[in-house]
Amino acid sequence: MCGIVGYVGHQSAGPILLEGLQRLEYRGYDSSGIAVIDRDGALAVMKREGKLRDLQAAIQQMPSGATGIGHTRWATHGQPSDRNAHPHASSSGDVIVVQNGIVENYRELRAELQDQLDAEGRSWHSDTDTEVIPELISKELIAGRSFEDALAYAVGRLRGANAIAAAHRGDPDRIYAARKGSAGGIVIGYGDGEMFVASDLPALLPHTTTVYHLEDGDIAVIDDRSVRIRQENRTSFQPTPVQVDLDPVAIARGPYRHFMLKEIHEQPRALSDTIRGRARLEPPSALADDLELPIETLRSIQRVLVIGMGTSLHAAMIGRWWIEQVAGIPADFDNASEFRFRAPLLGPSTLVVAVTQSGETIDTLGAMNHVRQHWGAPQVAVTNVEGSEATRQADASIILRCGPEVGVASTKTFVGSLAALYLLACRIGHAQGRLSPHVLTDRLEQLLTAPSLVERGIQRAERCAEIAQRFGTASNFLVLGRGIEYPLAMEAALKCKEISYVHAEGYAAGEMKHGPIALLDQEFPVIALAPRGPLFDKMTSAIQQVSARRAPVIAIGDEGDKDLSELVDHFIGVPPAPPLLTPFSLTPVIQLLAYQIALTRGLDIDQPRNLAKTVTVE
Ligand code: G6P
């Protein structure tokens, strides 16, 4: 959600913090701010509504200081504005705080702190929940506690999940960080005579690859050379950092106009990397060395539930399909935010698979927590971020190898998740003896063609641009699919909403005649996902019904499918794929269509309005 950075060292903190925020801007981008403290304890705070470039101009005027914290915001409490942007200072002006997460009991805490403010003749200066944190700390400082104790006390008073960075004028050589619950990570980067703090690795990589991830309940006291972690039970230790293996070049946009476009083009590579060594043919095996679930667990599974949110939910829907069709066992999918509040019945021997590219989505983590507490069912996380909270909560993880994804709309992590789910289906089917070596070989050989299916789909970029030119101004789209293409229709509609701001609905083609058909007329284009397969004839019937209402049809089908191309108004050919693998051939085209429509509308594709890449609030 929001992005947090911190710095303590010998350089001017402002530009370093700003650069870090630029690398985290995908987490939130409605306002931002930076606070720096110089050696004498002089504090300067600069905050701006809008994109970081607005802050960039403002910080030129800022005095320098070698200690500071910064924040890029995705508003929860209070509209985006200069006054609601972080950092927030205590009314005493001594304490500054940035936060990611929600202080669920902020009203209660505001009421409690009101007397103190009234006595001082001060008032709240923002509408945010965060502002109670510096105030709580300040109150404890006045009562004589150390900053570390005051921060620990304040964090202990908060309800909800919070990631915090803080600093104090009276202690200009240190910054502090705290993590409570699953409000996204906090990672500390070790430099040479300087230390960094960030919500996520991309902000640290230009400076260091030596890092330490805070655990739930940790408070970090950081100076230019060392870190001390204080845990909830008040014990302290010096953490041992680890080396991360991430290439800073991977987070550069290179020659591409947008990160999203770059990441669409990276998909064949992301897929090959994710599959590499996990789909072996002689003898055939899937995920042989990569899934740390005991074989007895795999053998005893009687049902699989796949959960996720957003694009990951659509991957989960396709994963459900594969687990039924490939592994041959009952499977279902669920929206993680609905699942846990339904008091779901899991039954014995259910495996829960949580799909989350970030590994931080609070709805998905909440569902995983529910499963652990109420059912104790085994859980597998499918995520792109090693060491993320989802991997900690799960019994086993399949880590995608997609590299960092910066574009807010998920692309390469979607196909990566698909590959992981397909491999998992093969693994379970194999463990349960439902896939003969011959069939398993066949399935894996098919999966190995996925990178090239995606590659060839990407080559349809120009055709997608032509269609986007023609329909870029449409106000609505209906996207139809059947079978395994139904979740893709939903994903196509989601992409249109996310980056093109077009109203789009993804529907199962068979459902269209039960309502959505009433919407159709010449102004309402319909995208039909219609590769050849068992449901092709039913799909063409739906297309006929659309055409009869004079709505323009854009069909995405197999290259060279003359019957289909003659039936519809516009046709985009993709490489023919085996029936279970059409998600790989169709995905790049639905992504490129949405991308091109957004481009014709002149929109901010990598940072669409109101969205954030990592959603750590409910
Ligand atoms: C946000 C992102 C989406 C993503 C969803 C789930 O809404 O903008 O791209 O699909 O969160 O995220 P996750 O990290 O759990 O896959």
Side-chain angles (χ1 to χ4, degrees), residues 1-3 24-30 74 76 100 182-185 199-200 258-260 263-264 267 270 274 306-319 333-340 352-369 379-391 393-394 397-400 402 404-418 420-421 487-488 490-501 506 587 590-591 594-595 598 604-618:
M1 211 87 261
C2 306
L24 295 182
E25 208 178 1
Y26 60 85
R27 295 180 70 95
Y29 35 81
D30 58 44
W74 185 88
T76 59
N100 175 25
S182 319
S199 313
D200 221 341
H258 295 99
F259 274 107
M260 182 178 177
E263 287 156 4
I264 289 173
Q267 291 182 116
T274 298
V306 199
I307 57 172
M309 298 297 292
T311 293
S312 291
L313 174 61
H314 300 147
M317 292 168 77
I318 295 171
F333 67 86
D334 213 334
N335 174 305
S337 67
E338 287 295 315
F339 164 79
R340 75 174 153 137
V352 174
V353 181
V355 185
T356 163
Q357 52 85 22
S358 64
E360 287 187 47
T361 299
I362 201 150
D363 294 308
T364 308
L365 295 177
M368 293 179 80
N369 191 32
Q379 301 196 64
V380 173
V382 171
T383 178
N384 198 34
V385 183
E386 194 153 14
S388 59
E389 189 59 22
T391 63
Q393 292 212 17
S397 302
I398 308 174
I399 305 294
L400 313 179
C402 297
E405 188 176 69
V406 177
V408 166
S410 297
T411 52
K412 60 179 177 173
T413 55
F414 177 63
V415 295
S417 301
L418 292 184
L421 290 165
L488 279 182
M490 297 187 67
E491 175 60 8
L494 179 65
K495 284 284 159 289
C496 286
K497 285 177 226 175
E498 281 179 314
I499 57 163
S500 323
Y501 313 155
T587 293
I590 62 173
Q591 294 167 340
Y595 174 82
D604 189 346
I605 292 177
D606 283 333
Q607 292 174 359
R609 69 182 178 206
N610 304 341
L611 299 183
K613 182 144 196 80
T614 311
V615 182
T616 54
V617 296
E618 281 191 75

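We count ligands from 1, going down the list as the structure has it; atoms in each ligand are counted the same way.
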**Student:** Drop me the distance from E491's CD to I318's CD1, to the nearest 0.5 angstrom.
**Tutor:** 8.0 Å
**Student:** If the cut-off is 4.0 Å to any non-hydrogen atom of T311, which atoms of ligand 1 fall inside it?
**Tutor:** 10 (O)
**Student:** Hey, which atoms in ligand 1 end up nearer than 4.0 Å to a heavy atom of T361?
**Tutor:** 6 (C), 12 (O), 13 (P), 14 (O), 15 (O)
**Student:** Identify the protein heavy atom lying closest to atom 14 (O) of ligand 1, giving its residue, its atom name and the separation to 0.1 Å.
**Tutor:** S358 OG, 2.5 Å
**Student:** Have S312 and Q357 got a donor and an acceptor in their side chains that come within less than 3.5 Å?
**Tutor:** no
**Student:** Test your reading of the structure: does V408 have an N or O sitting under 3.5 Å from an N or O of ligand 1?
**Tutor:** yes
**Student:** Do S388 and E360 have a side chain donor and acceptor closer than 3.5 Å?
**Tutor:** no
**Student:** What residue and heavy atom of the protein are closest to atom 5 (C) of ligand 1, and at what distance?
**Tutor:** M309 O, 3.9 Å
**Student:** If you compare all heavy atoms of V408 against all heavy atoms of Q607, which two are closest, and at what distance to 0.1 Å?
**Tutor:** CG2-CA, 4.5 Å
**Student:** Spell out, as yes or no, whether a donor-acceptor pair under 3.5 Å connects the side chain of E338 to the backbone of N335.
**Tutor:** no
**Student:** Which heavy atom of the protein is the closest neighbour of atom 9 (O) of ligand 1, given with residue, atom name and distance?
**Tutor:** S410 OG, 2.9 Å
**Student:** If only atom types and distance count, is the side chain of Y29 paired as donor or acceptor with the main-chain N or O of C2 below 3.5 Å?
**Tutor:** no
**Student:** Look at atom 7 (O) of ligand 1 and say which protein heavy atom is nearest, naming residue and atom and giving the distance to 0.1 Å.
**Tutor:** V615 CG2, 3.9 Å
**Student:** Nearest to atom 8 (O) of ligand 1 by heavy atom, S417, A612, S312, G310: which?
**Tutor:** A612
